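What follows is one structure encoded as structure tokens, with my remarks underneath.
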Amino acid sequence: MVSNKGQWIVPRAEGYSTNKKLRNKIISGIENVMFNPYVPGNAEFKPLETEFASAIGMNHAIAVQSATAGLILSLRACNVGLGDEVITVGNSDISTTAAISIVGATIVLVDILENDYTIDVEKVESAITERTKVIIPVDLYGHPSDCIALRRIADDRGLMIVEDAALAIGAKYDNHHVGYYADLTTVSLAAAKPLSSSGNAGMVFTNNYELAEKVSLFRGYGREFDDNRNPPLSYEHVVEGFNLPMDPLQAVIVRSKLPYLEEWTEKRRMIASKYCDALCNKDVKLPSFSDYANPSFSSYVILITNRDELNVEMRKRGIETGTHYVPAMHKQEVYKSHLIGRSNLPVTERIADQLLALPIHPEMSKKQIDFVLTALKELL
Ligand SMILES: Cc1ncc(COP(=O)(O)O)c(C=O)c1O
């Protein structure tokens, strides 16, 4: 059941109303890109990259077409290729594992923690072989992975960390934004994500100048653009690259939203704490976090044995709950035969069977929050 306008009463995300509030800023940015003869088409890149890096306290940000593109470019920048192994988790979007396959490497899956569903660092240690090159922790639902512990392992074993923070912009560990302990980190700015564009967009960030240069090179056909993103005069390619920069019109939209990152993340945290208070005595498992973690809650997720039933009932009431990601990667038909570690992922499997994501976004009104809480009280 949905409202009489044919929309969810409480949707998972409400990008259009944020866009409406920022309308003037977005329209004037778009006009500038499209109709100002003195502004090159890619002009939004540089300021967005600079402002983004500064907002999250990192040295370099590289604007890319999507988080998927960011992961592929990051793995290429880390020189990952045929014969290398990359360790990651099975509770992610297919982009994480597909990026590994696309660069020719082998996917090695390890299980996740019971409390926050991020990579189990102890399991990582035993999955490392002489072929391992990179670890990809996934900060699913805006829950930061334990990259402090992973950094120690990576340094001891000569590995690199490419953090998949696609859903975790605004999340922090140890008072640093996600990405601080990784070599390269990618966030998604796709529609419906926090800081959403209206299509696809992503950002890669790092404190390492050489890696930033490499990602940038692979992003732009392997040609060396100058600081203003003017192409070189010749078609000389330093490496075999891709064409995966962020669309400048999407960059306008993301740039107009970036100043609200902290405020909107706090709003998500406030809604998460309301869910937590309302559900702590119910027969559901809530996520819990280590001291180092300050999640951004791109989703608020609960575990419940009759998940599918609750999902249907909530949706009938006009509340857009969701299951993601189901099935887990190792259960996907496309990965039937070639995943290392697939037989030992009990926590990942339970999560896929029991996890339900509740609506949470900064545009959620008090009335909408109360509507969800009332539905949960009645149904649980
Ligand atoms: C964990 C994770 N990684 C990567 C991606 C890919 O992001 P994009 O859609 O920007 O390519 C997603 C998308 O939702 C995701 O959830």
Side-chain angles (χ1 to χ4, degrees), residues 1-34 44 48 51-52 55-56 63 66-67 141-142 165-171 187-203 246-275 278 295-301 311 314-324 356-376:
M1 187 182 67
V2 291
S3 76
N4 55 10
K5 288 187 205 145
Q7 292 158 341
W8 292 103
I9 294 168
V10 189
R12 292 275 305 276
E14 230 172 293
Y16 78 94
S17 54
T18 314
N19 291 346
K20 230 161 90 182
K21 277 190 194 154
L22 299 171
R23 186 185 189 115
N24 291 344
K25 208 169 169 191
I26 293 171
I27 300 287
S28 76
I30 288 174
E31 280 188 341
N32 198 38
V33 170
M34 295 193 67
E44 283 294 313
L48 176 63
E51 288 162 14
F52 211 101
I56 56 170
S66 62
Y141 318 121
L167 302 182
I169 186 65
V187 296
S188 175
L189 304 163
K193 305 274 167 41
L195 291 190
S196 60
S197 64
S198 67
N200 283 299
M203 192 67 77
M246 190 188 294
D247 180 307
L249 298 182
Q250 302 302 341
V252 167
I253 301 170
V254 175
R255 206 176 158 210
S256 71
K257 296 183 180 177
L258 184 61
Y260 301 93
L261 175 60
E262 292 295 331
E263 181 188 326
W264 291 345
T265 309
E266 277 311 316
K267 179 92 195 275
R268 287 174 186 279
R269 289 185 183 127
M270 184 275 287
I271 299 167
S273 80
K274 284 194 186 294
Y275 280 142
S296 57
F297 296 107
S298 61
S299 296
Y300 190 81
V301 293
N311 195 18
M314 293 291 276
R315 288 176 156 255
K316 273 191 199 159
R317 291 174 183 230
I319 300 167
E320 193 185 8
T321 46
T323 59
H324 74 289
L356 189 67
L358 306 176
I360 186 165
H361 54 83
E363 298 292 352
M364 236 172 132
S365 64
K366 184 174 177 314
K367 206 166 148 198
Q368 284 176 313
I369 298 169
D370 289 343
F371 188 72
V372 180
L373 292 177
T374 305
L376 287 167

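This structure is a prediction, so every number in the text was calculated from the model and none was measured.
Using a 4.5 Å heavy-atom threshold, the side chains of His324 and Ser299 count as touching. With contacts defined as side-chain heavy-atom distances shorter than 4.5 Å, the pair Arg315/Asn311 qualifies. Between Leu48 and Met246 the shortest side-chain heavy-atom distance falls below 4.5 Å. In this structure the side chain of Val10 reaches within 4.5 angstrom of the side chain of Met364, judged on heavy atoms. Counting heavy atoms from C-beta outward, Tyr141 and Ile360 have side chains that stay 4.5 Å or more apart.
Scanning for salt bridge (charged side-chain N to carboxylate O under 4.0 Å, His left out) contacts around Lys366 gives Asp370, with sequence neighbours left out. Not counting sequence neighbours, Arg12 has no partner by the salt bridge (charged side-chain N to carboxylate O under 4.0 Å, His left out) test. Under the salt bridge (charged side-chain N to carboxylate O under 4.0 Å, His left out) criterion, Glu263 pairs with no residue at all, not counting sequence neighbours. In this structure Ala375 satisfies the side-chain contact (heavy atoms from CB on, under 4.5 Å) test together with Met314, Arg317, Ile319, sequence neighbours excluded. Taking the side chain to side chain donor-acceptor pair (under 3.5 Å) definition, one finds that Ser298 meets it with nothing, sequence neighbours left out. With sequence neighbours excluded, the residues forming a salt bridge (charged side-chain N to carboxylate O under 4.0 Å, His left out) with Glu266 are Arg269, listed by chain and number. The ring pair (Phe, Tyr, Trp, His ring centres under 6.0 Å) check on Tyr260 picks up Trp264, with sequence neighbours excluded. Looking at residues two or more places apart in sequence or on another chain, you find no side chain to side chain donor-acceptor pair (under 3.5 Å) involving Ser256. For the side chain to side chain donor-acceptor pair (under 3.5 Å) test, residues two or more places apart in sequence or in another chain that qualify with Lys257 are Asn19, Ser196. With sequence neighbours left out, Tyr300 forms a ring pair (Phe, Tyr, Trp, His ring centres under 6.0 Å) with Tyr275, Phe297. Residues satisfying the side chain to side chain donor-acceptor pair (under 3.5 Å) criterion with Glu51, sequence neighbours excluded, are Arg255.
Among all heavy-atom pairs drawn from Ser197 and Ile253, the shortest one is CA-CG2, 4.0 Å.
No more than 12 heavy-atom neighbours from other residues, nucleotides or ligands sit within 6.0 angstrom of NZ on Lys274.
Within the structure, the salt bridge (Lys or Arg N to Asp or Glu O under 4.0 Å) test picks out the following pairs touching residues 19-32 (sequence neighbours left out): Lys21-Glu363.
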